[in-house]
Amino acid sequence: MLPPEAGEVRSTCPYCGVGCGVLLNPDGHGGLSVRGDPEHPNNRGRLCSKGAALGETVGLAERQLFPQIDGKDADWDAALDFVARRFMDVRAEHGPDATAFYVSGQLLTEDYYVANKLMKGFIGSANIDTNSRLCMASTVAYHKRAFGTDTVPGVYDDLEEADLVVLVGSNLAWCHPVLYQRIAAARQARPHMKLVVIDPRRTATCDDADLHLPLAIGSDVALFNGLLAEIGRRGAVDHTYVHAHTRGLDEALAAAKADSPAATGLSGEDLAAFYDLWIGTEKTVTVFSQGVNQSSSGTDKVNAIINCHLATGRIGRPGMGPFSVTGQPNAMGGREVGGLANTLACHMELSDSRHRQAVGDFWGTRSLPTQGGLKAVDMFDAVADGRIKALWIVHSNPAVTMPDADRIRRAIADCPFVVVSDITLRTDTARLADVFLPAAAWGEKSGTVTNSDRTISRQRAALPMPVSTRPDWHIMAEVGRRMGWADAFAWNGPDEIFGEYARLSAIAGRMALDFDISAMADMDAFAYDRMAPTRWPQNGSGAIDRFFADGQFFHADKRARIVAVRHRPPAIAESSDRPFRLNTGRLRDQWHTMTRTALSPRLSAHLPEPFVDVHREDVARLGLKPADLVRLSNDCGSAILRLRQNDEVRPGTLFAPMHWTGENAPASRIDALVPSITDPLSGQPETKAATVRAERFDARWHGFAIAQERFTPDCEYWARARTGAGYRAELAGVETPEKWEDWARSLFKLPGADAQIMQDAARGSCRIAFLDGEILLAALYVARKPIALMRDFLVGLPGSEANWALAGQARGDVPDPGPVVCACFSIGRNTIARAVEAEKLKSVEAIGAATSAGTNCGSCKAELRQILAKIALTEPAE
Ligand SMILES: Nc1nc2c(c(=O)[nH]1)N[C@H]1C(S)=C(S)[C@@H](COP(=O)(O)OP(=O)(O)OC[C@H]3O[C@@H](n4cnc5c(=O)[nH]c(N)nc54)[C@H](O)[C@@H]3O)O[C@H]1N2
Ligand SMILES: Nc1nc2c(c(=O)[nH]1)N[C@H]1C(S)=C(S)[C@@H](COP(=O)(O)OP(=O)(O)OC[C@H]3O[C@@H](n4cnc5c(=O)[nH]c(N)nc54)[C@H](O)[C@@H]3O)O[C@H]1N2
Ligand code: SF4
Ligand SMILES: [Mo]
């Protein structure tokens with residue numbers, strides 16, 4: 001690899017499982033700038049909007065820099081001793097299974113290794129599970145069921161070499177943007193290459209697709225069983241392959257034929273088009289993600305997909321195969337290192353006595369549990385009913401992201417002893433901690449992550465670690481030492497942990513398991529530091545690009561299993577009481593619970609408020625008006641969200657993003673509505689198929705607020721976001737304050753500031769601006785109905801001379817830029833639409849040339865295409 005420029009540090013993006021290489025340029029004052037690493041094989045210099053904005057998220061402003069015990073700053077010794085003692089006490093009194101760790105696919109491999117060694121190896125319980133249970137568990141369960149090991153067979157290059165890429169339950173354009181861009185570039189170079197998207201919603205990913213199948217939520221098994229049956233009917237089975245390398249086709253075919261693709265709700269033409277394309281294209285890659293995994297039939301969905309690949313022998317060869325894209329940066333590393341409650345490190349299994357013996361001997365312990373521990377949902381059930389009395393949550397925010405989140409929040413609050421390691425206290429979970437341990441953040445710490453295609457990359461420190469924070473591995477190793485296991489947790493740095501892990505993998509390799517990186521075991525600190533991206537296995541006998549190329553699988557008989565599966569609808573049916581099916585997922589510019597991405601004004605500008613997409617037929621049926629607030633509810637809880645009329649969802653279904661939390665929109669926590677129903681094999685919750693009722697939220701007043709300083713409203717609904725000039729918030733309430741001025745002063749904590757007030761009592765509207773001389777400090781706009789204002793213009797005013805802000809719009813003829821579409825250059829929808837109309841722009845490239853939008857990371861190209869299409873639709877034909 002070429003060395004980076006002087007002063008630059010080579011690292012890896014901390015967000016999605018694409019695993020893009022980044023070059024970090026520290027500014028010497030605690031900040032850094034970022035560019036894509038042209039040498040990294042995953043992204044070859046590209047970045048998406050989130051990667052490009054990393055520099056805006058590394059500041060210390062929202063960090064908690066000292067440990068806390070019971071909400072008071074404490075020193076590290078006191079905090080670590082306290083944690084070690086409480087865990088030992090609970091273990092002694094109630095047994096090891098009264099303790100638990102809940103960890104994360106965003107931990108570095110080295111952190112994960114330490115957590116797993118501490119809990120399974122020494123505390124002696126298997127109660128360590130991870131947010132990957134909410135994410136990848138169905139794929140893991142399936143991989144093991146079919147292949148005998150949890151291994152992704154393919155590599156990213158397959159996505160470019162394929163003649164057909166099928167994306168199932170994956171919004172790749174927003175969630176794995178650089179992979180999506182690689183596919184888009186390959187399609188430009190090889191125009192015959194086809195793209196099919198299977199998603200109940202019409203997402204940004206569909207814009208460039210040849211075919212979009214908007215199937216009914218939860219009906220993927222019916223769709224792929226239909227495909228398998230058709231493969232059988234048309235004589236497309238690869239009998240030689242099936243005979244030599246698999247088992248179970250006949251049963252699977254019989255099951256497939258017993259299902260009807262009618263359950264998908266798709267038209268006969270759509271189904272035929274898809275089946276023709278799939279069966280007719282040998283080089284097919286089928287990519288799948290959360291639309292498949294997060295389901296009560298998730299494992300079966302994965303099976304139904306891969307059955308088709310096995311039946312046609314399309315696996316293990318270039319340009320073809322099933323491909324599970326991982327979500328978190330180290331979801332894959334966590335699976336390798338045994339982070340789930342039922343696994344051991346290096347793809348060894350807790351349930352296998354040989355594996356247990358090998359790991360126990362290697363670690364020098366006899367404490368290994370003999371059975372799997374509690375999976376995430378069961379673990380929090382055990383917290384709720386008091387079986388678990390000491391819980392350590394590391395690098396995750398389960399009070400927001402677990403199903404039935406209100407109940408989870410109560411369970412954590414009621415647990416006798418809760419430790420949270422995070423970088424900030426401002427999370428719904430960290431606020432419940434008895435002990436808070438401040439972790440070093442991305443950019444400050446070092447280690448490795450494994451991406452979706454088994455490439456291990458280094459994260460390297462580019463910024464000084466705040467002296468009072470510590471890397472996660474270090475915190476957990478310290479606790480292990482203080483519990484009395486000094487030798488087992490004696491590492492001096494992540495390189496030593498990695499070396500130990502690689503040595504353990506040699507044992508796995510000798511037992512004929514696939515995860516073997518023993519060739520990396522002898523790296524010294526210097527070699528570890530210089531490690532280039534490396535795909536495993538690395539056992540000294542040459543690299544393997546694709547697994548299963550030789551038709552050899554990891555079951556005892558070396559054969560893959562084709563597994564009979566049957567369609568099952570989502571576990572809870574719609575009812576007259578809960579007529580809507582609620583789909584949930586991600587937005588382009590936010591990462592999960594927003595603790596990092598929401599620090600970036602650019603990223604926050606794309607979609608600054610929680611919303612629910614409702615089809616126009618349902619909008620009419622519910623009697624809703626544009627910009628209304630909608631209240632969704634069911635037996636678990638409720639959420640208030642802004643209405644977005646959007647025909648991209650099917651009638652009867654709703655879509656809402658998962659990101660908002662108690663910190664920035666406390667009435668809009670979407671997992672409060674998701675019941676704790678799981679896939680029976682994988683334990684993964686069904687997070688995309690809750691049933692809810694919907695009604696207008698009858699607010700007496702609606703408001704919009706901007707300010708230089710952070711403010712926290714006190715009303716029934718609010719959603720706050722960062723802006724370049726400070727903060728913005730949407731507000732709504734049922735109780736009307738007696739005097740708006742008093743309310744506004746206490747909202748912004750400006751008891752004595754000069755105020756301009758414009759009030760129309762009869763119409764219930766009021767506008768208040770607080771000024772310091774000519775400088776606008778804050779402003780509040782309220783009315784009985786949702787108010788039309790030039791929001792995207794107003795948000796830039798705090799801190800500048802704007803004593804005219806009460807007008808709610810720009811002075812003179814400055815046009816309203818509209819909500820940001822291009823996050824890299826902060827270019828709004830209206831600016832782009834005006835350029836398209838005025839200059840008669842016809843392509844995304846032409847928009848780029850005229851406005852710069854889309855010319856940096858390219859994440860917004862799909863939306864630019866949508867803007868072009870909308871304008872073309874409304875223009876009279878020439
Ligand atoms: N911008 C951004 N990117 C991210 C993340 C993020 O928070 N923000 N998180 C990362 C993580 S951890 C993950 S796991 C990945 C997730 O990446 P994705 O899985 O692509 O993301 P989601 O939006 O959760 O869901 C994907 C799609 O599944 C569809 N879907 C819902 N139900 C069904 C169904 O029954 N069948 C089918 N076929 N589709 C269905 C939804 O409509 C949605 O468009 O993204 C990663 N990348
Ligand atoms: N309804 C619904 N719910 C979902 C999903 C969905 O699609 N729909 N998706 C599910 C999926 S796939 C996932 S992966 C989960 C994600 O859910 P979570 O993992 O709970 O969400 P994050 O916001 O990523 O939480 C990471 C936490 O780690 C903290 N952190 C950041 N850096 C560090 C560090 O270096 N060390 C430590 N110790 N902490 C750090 C962050 O501040 C943050 O609080 O959500 C799941 N929940
Ligand atoms: S695609 Fe974006 S979020 Fe994912 S690793 Fe690359 S830059 Fe980071
Ligand atoms: Mo995930």
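We count residues from 1, following the sequence as given. When a ligand or atom number is given, it counts from 1 through the structure's own listing order.
The distance from ligand 2 to the heavy atoms of Ser421 drops below 4.0 Å at these ligand atoms: 37 (C), 38 (N), 39 (N). Using a 4.0 Å cut-off to heavy atoms of Asn397, the atoms of ligand 2 that qualify are 18 (P), 20 (O), 25 (O). Heavy-atom proximity to Lys688, at under 4.0 Å, picks out these atoms of ligand 2: 7 (O). Each of the atoms 1 (N), 2 (C), 3 (N), 8 (N) of ligand 2 lies under 4.0 Å from some heavy atom of Thr687. Residue contact check: Gly19 has heavy atoms under 4.0 Å from atoms 5 (S) of ligand 3. Each of the following atoms of ligand 2 lies closer than 4.0 Å to a heavy atom of Ala439: 36 (N), 37 (C), 38 (N). Listed by number with element, the atoms of ligand 2 under 4.0 Å from a non-hydrogen atom of Leu134 are 10 (C), 11 (C), 12 (S), 46 (C).
For Thr678, the side chain to side chain contact (heavy atoms under 4.5 Å, CB included) partners at least two apart in sequence or on another chain are Val377, Pro685.
The shortest contact between atom 8 (N) of ligand 2 and any protein heavy atom is with Thr584 OG1, 2.9 Å. Nearest protein neighbour of atom 29 (C) of ligand 2, counting heavy atoms only, is Asp422 OD1, 3.1 Å. Regarding atom 20 (O) of ligand 2, its nearest protein heavy-atom neighbour is Thr401 OG1, 2.6 Å. Of the protein's non-hydrogen atoms, Lys445 NZ, 2.8 Å is the one closest to atom 35 (O) of ligand 2. Given atom 36 (N) of ligand 2, the protein heavy atom at minimum distance is Asp472 OD2, 2.8 Å.
Among Arg470, Arg586, Arg63, Gln328, the residue whose heavy atom sits closest to atom 12 (S) of ligand 2 is Arg586. The option with the heavy atom closest to atom 39 (N) of ligand 2, from among Met594, His659, His395, Gln294, is His395. The nearest non-hydrogen atom to atom 19 (O) of ligand 2, considering only Val103, Asp671, Leu107, Asn131, comes from Asn131. Taking each of Met136, Glu62, His592, Gln684 in turn, the one with a heavy atom nearest to atom 22 (P) of ligand 2 proves to be His592.
Checked for salt-bridge contact, Glu663 and Arg431 meet the test: a charged N lies under 4.0 Å from a carboxylate O. Taking 4.0 Å as the cut-off between side-chain N and carboxylate O, Glu62 and Arg722 count as a salt-bridged pair. Salt-bridge annotation for Asp589 and Lys50: absent, with no side-chain N of the basic residue lying under 4.0 Å from a carboxylate O of the acidic one. Classification of Lys861 and Asp208 as a salt-bridged pair fails, no side-chain N sitting under 4.0 Å from a carboxylate O.
The aromatic ring centres of Trp174 and His606 sit less than 6.0 Å apart.
Classification of the Phe611-Trp660 ring pair by plane angle, with boundaries at 30° and 60°, yields perpendicular. Using cut-offs of 30° and 60° on the angle between ring planes, the pair Phe87 and Phe101 is perpendicular. The aromatic rings of Tyr102 and Phe380 stand perpendicular to each other, their planes meeting at an angle above 60°, with 30° marking the opposite boundary.
The distance from the NE2 atom of His592 to the SG atom of Cys135 is 6.5 Å, given to the nearest 0.5 Å. The line from CD of Glu110 to CD1 of Ile497 is 6.5 Å long, rounded to the nearest 0.5 Å. Atom CZ of Phe489 and atom CH2 of Trp473 lie 12.5 Å apart (nearest 0.5 Å). Going from atom CD1 of Ile217 over to atom CD of Glu686 covers 9.5 Å, rounded to the nearest 0.5 Å. To the nearest 0.5 Å, atoms OG1 (Thr469) and CD (Gln64) are separated by 11.0 Å.
Contacts of Met658 with ligand 2, taken as heavy-atom pairs under 4.0 Å, involve the side chain alone. Counting heavy atoms under 4.0 Å from ligand 2, residue Thr429 does not touch it at all. Only the side chain of Thr595 comes within contact range of ligand 2, with a heavy atom under 4.0 Å; no backbone atom does. With a 4.0 Å cut-off on non-hydrogen atoms, Ala440 touches ligand 2 through its backbone and not its side chain. Contact annotation: for Cys135 versus ligand 2, heavy atoms closer than 4.0 Å belong to both the backbone and the side chain. Under 4.0 Å from ligand 2, the heavy atoms of Thr427 that appear belong solely to its side chain.
Of all protein N/O/S atoms, those under 2.8 Å from atom 2 (Fe) of ligand 3 are Cys48 SG, and waters are not counted.
Every heavy atom of Met402 sits 4.0 Å or more from the atoms of ligand 2.
A donor atom on one side chain and an acceptor atom on the other are not found under 3.5 Å apart for Thr593 and Thr595. At a cut-off of 3.5 Å, with distance as the only test, a side-chain donor of Asn131 or Gln328 sits close to an acceptor on the other residue. One side chain, Asn451 or Asn42, offers a donor N or O that lies under 3.5 Å from an acceptor on the other. Between Thr109 and Glu336, the side chains place no donor N or O within less than 3.5 Å of an acceptor N or O (distance only, hydrogens not considered).
Ligand 2 has an N or O atom lying under 3.5 Å from an N or O atom of Thr593, backbone or side chain. Close N/O approach between Ser104 and ligand 2 is not found [any backbone or side-chain N/O within under 3.5 Å].
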